[in-house]
Number of protein chains: 2
Amino acid sequence: MMSVNDNQICKTVLIHEDIVNKVRPLLTASEILSPLSEFFRILGDPTRLKILQALHVSEMCVCDLAFLMKMSQSAISHQLRVLRQANLVKYRKEGKIVYYSLHDNHIKSMMDFGLEHINEKQIIR
Amino acid sequence: MMSVNDNQICKTVLIHEDIVNKVRPLLTASEILSPLSEFFRILGDPTRLKILQALHVSEMCVCDLAFLMKMSQSAISHQLRVLRQANLVKYRKEGKIVYYSLHDNHIKSMMDFGLEHINEKQIIR
DNA sequence: CTAATACATGAGCACATGTTCACATAAAGA
DNA sequence: TCTTTATGTGAACATGTGCTCATGTATTAG
């Protein structure tokens with residue numbers, strides 16, 4: 001009986017057992033790592049990132065966002081739902097109008113941090 | 001003749017023209033915002049994030065990574081290519097073995113930053 | 001040279017994702 | 001009440017993504 005990926009994983013006993021054994025206990029538990037990648041995944045869409053950036057300047061209603069971004073109200077609304085479920089934005093209702101704003105200011109710092117990273121290497125395009 | 005999304009965007013002249021006009025000039029140019037969301041998108045996958053975290057502890061070869069993550073060498077190799085193209089990792093060849101390492105230490109800081117964000121709100125799940 | 005091995009890569013496939021479209025809902029005005 | 005308008009949402013659809021599988025390439029050993 002062969003182990004799961006016997007024909008995929010390297011044939012040697014294990015190339016650097018010492019390294020693997022050193023690294024393994026230092027890995028963040030996947031219960032934590034998974035929400036983290038989920039968080040980055042949410043930020044990894046241009047539409048959502050732009051919405052977040054706009055909301056960092058000012059609270060805005062769905063209509064304003066749609067106009068600002070030249071996108072359909074429906075598309076914006078769908079994305080706002082994603083952002084809501086990820087707890088990145090909150091909203092307040094005033095009659096028919098729903099005003100969205102950032103849940104906190106971490107996202108802005110995160111964006112600045114990312115921009116720094118990008119600017120420090122051979123710039124993408 | 002109607003404008004592009006006349007039946008999608010709100011019917012009012014424009015709900016908060018003042019806000020939109022205030023926000024628009026403060027938005028980061030999409031030439032910059034786009035690479036940023038691209039950067040987050042790369043981090044937004046559990047496999048890639050785990051690879052990066054492992055590489056932060058120690059330089060490792062493809063084989064080690066595959067073993068550590070209980071994934072096929074092919075899958076790891078494909079993801080390493082994505083990370084390479086995004087300039088997040090670099091590699092060095094020694095005979096048959098290819099050692100990968102982080103391109104710089106920004107990623108670790110970014111991960112820590114993200115973890116902070118997650119820990120500060122009602123924890124996911 | 002031949003075989004073995006570490007890694008890379010293209011094709012294929014199942015599944016996730018973002019948008020549009022149509023329609024539902026809720027609030028305000030006539 | 002009936003209409004209008006701001007927003008939410010399910011279904012459909014096209015596209016993107018991550019993995020497997022098969023195979024290619026480079027390097028080393030024999």
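All heavy atoms count here, side chains included; hydrogens, waters and symmetry mates do not. Quick caveat, the model's predicted, so the values are computed rather than measured. Proteins get letters first, then strands, A, B, ... in listed order; numbering begins at 1 in each.
Only at 4.0 angstrom or more do the heavy atoms of residues 36-45 of chain A sit from any atom of DNA chain D, so none qualifies.
Contact check for B/Leu88 versus B/Leu102: no side-chain heavy atoms found under the 4.5 Å cut-off. For the pair A/Leu55/A/Leu65, a side-chain contact is recorded, criterion being any heavy-atom separation below 4.5 Å from C-beta on. Counting heavy atoms from C-beta on, the side chains of A/Val89 and A/His103 never come closer than 4.5 Å. Counting only heavy atoms from C-beta outward, the side chains of A/Leu33 and B/Met111 approach each other to under 4.5 Å. Two residues are said to be in side-chain contact when any heavy atoms from C-beta on lie closer than 4.5 Å; B/Leu68 and B/Lys50 fail this criterion.
Rounded to whole Å, the distance from CD1 on A/Ile76 to P on D/dT9 is 15 Å. Between the CE atom of B/Met71 and the P atom of D/dC21 there is a distance of 13 Å, rounded to whole Å. Atom CZ in B/Phe67 sits roughly 16 Å away from atom C1' in C/dA6 (whole-Å rounding). C/dA26 atom C1' lies 15 Å from atom CD of A/Glu94, rounded to whole Å. Protein atom CZ of A/Arg48 is 9 Å distant from nucleotide atom P of C/dT17, rounded to whole Å. One atom, CE of A/Met69, and another, P of C/dT20, lie 11 Å apart when rounded to the nearest Å. Atom CE of A/Met60 and atom P of D/dT7 are 11 Å apart (whole Å). One atom, CZ of A/Arg92, and another, P of D/dA6, lie 16 Å apart when rounded to the nearest Å.
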The contact string for nucleotides 7-13 of chain C, one letter per nucleotide 5' to 3', using protein heavy atoms under 4.0 Å with B, S and - for base, sugar-phosphate only and none, comes out as BBBB---

How would DNA chain C look in dot-bracket form, 5' to 3', counting Watson-Crick and G-U wobble pairs with both distances under 3.5 Å and writing | for bases paired to another strand?
||||||||||||||||||||||||||||||

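The aromatic rings of A/Phe113 and B/Phe113 sit parallel to each other, their planes meeting at less than 30°, with 60° as the upper class boundary. Aromatic ring orientation, A/Phe39 versus B/His117: parallel (interplanar angle below 30°, classes split at 30° and 60°).
B/Lys22 has no carboxylate O lying under 4.0 Å from a charged side-chain N of B/Asp18, or vice versa, which leaves the two without a salt bridge.
Of the two residues contacting DNA chain C, namely A/Thr47 and A/Gly95, the nearest-nucleotide position lying further toward the 5' end is that of A/Thr47.
Seen from the ring of A/Phe40, B/Arg41 does not count as a face-on cation partner, given the 6.0 Å and 45° thresholds.
More than 12 heavy atoms of other residues, nucleotides or ligands shown are found within 6.0 angstrom of OH on B/Tyr99.
Closest non-hydrogen pair, A/Leu43 versus A/Leu49, comes out as O-CD1, 3.7 Å.
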